[in-house]
Amino acid sequence: MSRTDDSLLLYQRIRNPDSLSLHCREVDLRLSDDRCHLVLSRYVELYVSECTQWEMVRHHQVRLTDLLRWMILHSQRVPPRANPDG
C-alpha cells in the first residue's frame, strides 16, 4: 500500500465482492518532506483471479499556512476545556 510510517490512516476498507476478487482502499494524511504541505493520498487496488492486479494512487496537497487560514476563517470557535487538575 502507499502509506508511510509517519502517515495517519484515515480510512481503510478491504472487501471481497466475490470469491475471485479483492478490493482494497486507503486514505491517509501526512506532512510533506519539507513540512510545509499537508498531503492527502488515496490508494485503490484491485486483485482479480489469474493474478490480474490494478492499482491507482492519487495525491492532493495544500500548504499548511493556507489550510490554517481557511480553518480560522471558516470554523466555529470551541470553548476552552476545563482543567481537570484544578
Side-chain angles (χ1 to χ4, degrees):
M1 307 261 173
S2 65
R3 290 187 334 113
T4 61
D5 289 339
D6 59 349
S7 65
L8 174 64
L9 181 63
L10 300 175
Y11 178 82
Q12 182 179 49
R13 182 176 180 183
I14 300 172
R15 64 184 188 101
N16 298 84
D18 54 51
S19 63
L20 301 175
S21 62
L22 179 67
H23 185 232
C24 306
R25 177 172 296 197
E26 283 189 356
V27 177
D28 67 70
L29 199 58
R30 65 178 172 80
L31 284 175
S32 62
D33 291 338
D34 64 4
R35 306 185 77 74
C36 293
H37 293 83
L38 195 60
V39 181
L40 179 78
S41 299
R42 298 182 299 144
Y43 176 80
V44 177
E45 190 167 1
L46 178 64
Y47 297 95
V48 185
S49 65
E50 304 300 325
C51 299
T52 304
Q53 179 181 348
W54 175 85
E55 68 180 63
M56 177 197 71
V57 179
R58 298 271 194 251
H59 303 285
H60 310 273
Q61 71 177 19
V62 63
R63 284 186 0 197
L64 278 175
T65 54
D66 292 341
L67 177 63
L68 293 175
R69 286 184 185 123
W70 183 89
M71 286 179 69
I72 290 167
L73 288 172
H74 295 91
S75 64
Q76 295 179 2
R77 289 188 182 203
V78 177
R81 290 185 182 179
N83 187 354
D85 295 330

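These numbers were taken from a predicted model, which means no experiment stands behind them. Just so it is clear, the values below take in all heavy atoms, side chains as well, and ignore hydrogens, waters and symmetry mates.
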What's the separation between atom [atom1] in [X] and atom [atom2] in [Y], rounded to the nearest 0.5 Å?
| X | Y | atom1 | atom2 | value |
| --- | --- | --- | --- | --- |
| Leu8 | Asp28 | CG | CG | 8.0 Å |
| Arg25 | Arg15 | CZ | CZ | 8.0 Å |
| Glu45 | His23 | CD | NE2 | 9.5 Å |

Looking only at non-hydrogen atoms, find the nearest pair between [X] and [Y] and report the distance.
| X | Y | value |
| --- | --- | --- |
| Arg35 | Leu64 | O-CD1, 3.5 Å |
| Asp6 | Arg30 | O-CB, 4.2 Å |
| Ser21 | Asn16 | O-ND2, 3.5 Å |

task: Apply the test side chain to side chain contact (heavy atoms under 4.5 Å, CB included) to residues Leu38 and Leu31: give CA-CA distance (whole Å), side-chain angles for both, the deciding distance (0.1 Å), then the verdict.
output: CA-CA 5 Å; Leu38 195 60; Leu31 284 175; 4.2 Å; yes

Do the side chains of [X] and [Y] join up, straight or via other hydrophobic residues, at under 4.5 Å, putting them in one cluster?
| X | Y | value |
| --- | --- | --- |
| Ile72 | Leu67 | no |
| Ile14 | Tyr47 | yes |
| Leu46 | Met56 | yes |
| Val44 | Leu9 | no |
| Trp54 | Leu20 | no |

statement: Contacts of Gln61 meeting side-chain hydrogen bond (donor to acceptor under 3.5 Å, both in side chains) (sequence neighbours excluded), chain-then-number -> none

- request: Would you indicate whether the side-chain heavy atoms of Arg58 and Leu40 approach each other to under 4.5 Å?
  value: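 They are not in contact (no side-chain heavy atoms under 4.5 Å apart), so the answer is no.
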
task: Take His59 and Val57 through the side chain to side chain contact (heavy atoms under 4.5 Å, CB included) test and state the conclusion after the steps.
output: CA-CA 7 Å; His59 303 285; Val57 179; 3.2 Å; yes

